[in-house]
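Computed over heavy atoms, backbone and side chain alike; hydrogens, waters and symmetry mates excluded.
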Amino acid sequence: MLAPDPSAAFVRSPLHPDTPQWSPPPRDAATPREPAQVRRILRLFRPYRGRLAVVGLLVCASSLVSVASPFLLREILDTAIPQQRTGLLSLLALGMILTAVTTSVFGVLQTLLSTTVGQRVMHDLRTGVYAKLQRMPLAFFTRTRTGEVQSRIANDIGGMQATVTSTATSLVSNLTSVVATIAAMLALEWRLTVVSLLLLPVFVWISRRVGRERKTITTQRQKQMAALSALVTESLSVSGILLGRTMGRADSLTRNFAGESDRLAELEIRSHMAGRWRMATIGIVMAALPALLYWSAGLLLHFGGPSFSLGTLVAFVTLQQGLLRPAVSLLSTGVEMQTSLALFQRIFEYLDLPVDIAEPATPVRLARARGEVRFENVTFSYDPAAGTPTLEGIDLTVPAGSTLAVVGATGSGKSTLGHLVPRLYDVTAGRVTLDGVDVRDLDFDSLSRAVGVVSQETYLLHASVAENLRFARPEATDEELHEAAAAARIHEQIAALPDGYDTLVGERGYRFSGGEKQRLALARTLLRDPPVLLLDEATSALDTRTERAVQQAVDALSAGRTTLVIAHRLSTVRDADQIVVLDGGRIAERGTHEELLARDGRYAALLRRDEAEPAAPGTTVREAAGR
């Protein structure tokens, strides 16, 4: 019962083509245009402006030093060699060598600094996106493919590496080189300089066209990479492999993957070849310019134009050839920056996602919660614009240390009610309080320490048993681990393993049975010692024998705590202090087990349906429940 995001588009999952998945909203008038994006990108470098200033100085110094070499060459050709001045020749040759050495040293230093700054910016982006996703509501992840999220962090940010580590430096370096070289060319011979620069505006126009084309293709390519990543994540997980093999879909999944990979390959080819011929034409023309300069110089001399020395001509052509590399690189850098805007746009889409569940500006902190939970006229809807809300008019008080059981048919809102306590969702109207404080006013740390959640879907990390338990409390000692596991009725099984608590649980805990995973989850929660415990159908997927073992662990964990039990099997809630029956998001009945049985209403009907075997003739509902 998740509400669609009206601003988001939906795409098809490669593994589940009939299931809509979340995709970022389309670009509209509210989406920042390129100048705003560029300003935002530049702000990413603001914390490192000191290092960037040093890089800029190194780049400028390197460019100015490299320009001196053609002037030294002119003096060698026009003065030192014709006049046989060996001392001057030696000094000029040494100067050219020192110029090359200095330029190389400056280049290494600027690469070190620019790469360091670029990697720090990438680190900031990765961390920023990850931190933002940690704050997103649960609804976001229920409608977003895991592979899509992973692709944003890995592929999109990884694709920006060249831009943030070298493109900015390359831009400054090449721009400085071009300006310094053109100034030197003008100083040598302005007429030849004009000839050299006639086609520059055309080259700039071509490069901008190529940049826009590559940006469009890059956006398509990154979306395709996200789709491929989602397919791999879904189909090559343990659950995906089991599903594919047991359903005989391995060949079909392979064909799906091949199709997605083929589309990605085509986009990669298009991305690499976009504008390649046009950029190659620019390179050819610029490489042919020396011949054009020699030809122009010859015509000027032939028709009585201004004369210049051989050294000036050679020095000028050397400068012009030196202009070729930074000019072409500068045009290519412009193309790469246009392409990178597509990657930045995808990252900014995640950074700009609204956070529906946020910590208040001045949160309330609880040292140790007593555990009283209240629902005060609570209404909740996944989509407020839709019709009937999921929950409506819920008024409940759960005294500290007592147990509330919430039962009802599938879709009645049981789990949704439980999710409001730890703020996995926020109420649409009314409020949920903990010790009289609205949970929306509590700081996240106080709330997470106060409320522990054990759900039917147990999640274990691909790590050792001890590491999984310590995820709840990293500073816990081995003795505390053992005590928590013993209370959860799982210590003996762990101790009997060859590696004990160092045993690797495997992907999603598949080395353990369902009951063992549930007890590990209970031990993990017990180690955190929360005063409020939410058990969301923690035993509904287990067989009867395993359920009894887990139920013993649950009973031990619930002792002395405020416990909210979301139950599908009613056999687990008989001893609750209060039982609430939900129907269509409203409270239909409330009372103790005995009181509700005596009423012979909805609870009694649910209990009769819950019986695994039909009651013997003459057996009452009360007798059946006591079996």
Side-chain angles (χ1 to χ4, degrees), residues 236-246 403 448-449 451-561 563-575 612 627:
L236 293 185
S237 64
V238 175
S239 300
I241 289 292
L242 287 174
L243 178 65
R245 291 184 179 176
T246 55
T403 298
S448 65
R449 282 189 285 106
V451 182
V453 180
V454 180
S455 64
Q456 175 185 348
E457 184 68 23
T458 302
Y459 187 82
L460 297 178
L461 304 172
H462 186 62
S464 68
V465 172
E467 288 171 318
N468 270 278
L469 296 180
R470 284 198 174 96
F471 190 80
R473 191 154 63 87
E475 73 279 6
T477 65
D478 289 344
E479 184 179 352
E480 289 172 327
L481 294 187
H482 299 167
E483 290 175 358
R489 309 296 192 269
I490 191 65
H491 172 68
E492 293 182 2
Q493 288 91 327
I494 298 173
L497 296 171
D499 296 325
Y501 281 80
D502 293 326
T503 301
L504 192 68
V505 301
E507 179 73 18
R508 297 183 64 85
Y510 268 89
R511 291 190 61 177
F512 291 88
S513 68
E516 289 169 337
K517 287 192 291 184
Q518 282 288 14
R519 280 176 279 175
L520 281 172
L522 290 168
R524 183 169 58 191
T525 302
L526 181 61
L527 194 65
R528 193 163 178 81
D529 193 25
V532 179
L533 183 63
L534 172 62
L535 301 174
D536 186 4
E537 302 197 28
T539 64
S540 63
L542 306 177
D543 59 75
T544 305
R545 181 178 178 182
T546 304
E547 181 185 9
R548 283 197 295 267
V550 173
Q551 190 60 45
Q552 291 176 353
V554 168
D555 294 339
L557 185 59
S558 304
R561 306 175 198 276
T563 308
L564 282 74
V565 182
I566 312 299
H568 180 72
R569 292 182 181 176
L570 303 191
S571 58
T572 63
V573 303
R574 293 181 67 237
D575 298 327
R627 285 209 302 255

Legend entry - Sequence-distant partners of H482, side-chain hydrogen bond (donor to acceptor under 3.5 Å, both in side chains), two or more places apart: none

Inset, instruction - Report the residues that fulfil side-chain hydrogen bond (donor to acceptor under 3.5 Å, both in side chains) with D502, sequence neighbours left out, ordered by chain and then residue number. - result: none

Legend entry - Listed partners of S448 passing side-chain hydrogen bond (donor to acceptor under 3.5 Å, both in side chains), at least two apart: R528

Legend entry - Distance in Å, Q493 CD paired with H491 NE2, rounded so as to fall on 0.5 Å steps: 10.0 Å

Legend entry - Within-4.5 Å side-chain heavy-atom neighbours: L522 and L535: yes

Legend entry - Nearest-0.5 Å distance that lies between atom NZ in K517 and atom CG in N468: 11.5 Å

Legend entry - Minimal non-hydrogen separation, A485 against Y501, with atom names: CB-OH, 3.2 Å

Inset, instruction - Have a look at E480 and tell me which of D529, L469, L527, L526 forms a side-chain contact (heavy atoms from CB on, under 4.5 Å) with it. - result: L527

Legend entry - Donor-acceptor pair, side chain of R489 and main chain of A487, under 3.5 angstrom: yes

Inset, instruction - Among D499, T503, L520, find the residue that satisfies the side-chain contact (heavy atoms from CB on, under 4.5 Å) test when tested with I494. - result: L520

Inset, instruction - Apply side chain to side chain contact (heavy atoms under 4.5 Å, CB included) to the pair L533 and T525, showing each step before the final yes or no. - result: CA-CA 9 Å; L533 183 63; T525 302; 3.7 Å; yes

Legend entry - Closest non-hydrogen atom pair, A476 against L481: CB-CD2, 4.2 Å

Inset, instruction - For P530 and G452, work out which heavy atoms get closest and say how close. - result: CB-N, 3.5 Å

Inset, instruction - Check salt bridge (Lys or Arg N to Asp or Glu O under 4.0 Å) between E492 and all other residues, then give those that pass, not counting sequence neighbours. - result: none

Legend entry - Taking every non-hydrogen atom, the tightest pair across R449 and P531: O-CD, 3.6 Å

Legend entry - Nearest heavy atoms of A567 and V573, plus distance in Å: CB-CG1, 3.3 Å

Inset, instruction - Taking the side chain as every heavy atom from C-beta outward, state whether V505 and V465 have any pair of such atoms under 4.5 Å apart. - result: yes

Inset, instruction - Among residues two or more places apart or on two chains, list those pairs meeting salt bridge (Lys or Arg N to Asp or Glu O under 4.0 Å) that have a residue in residues 458-471. - result: R470-D478

Legend entry - Test side-chain hydrogen bond (donor to acceptor under 3.5 Å, both in side chains) applied to E483 - qualifying residues, sequence neighbours left out: none

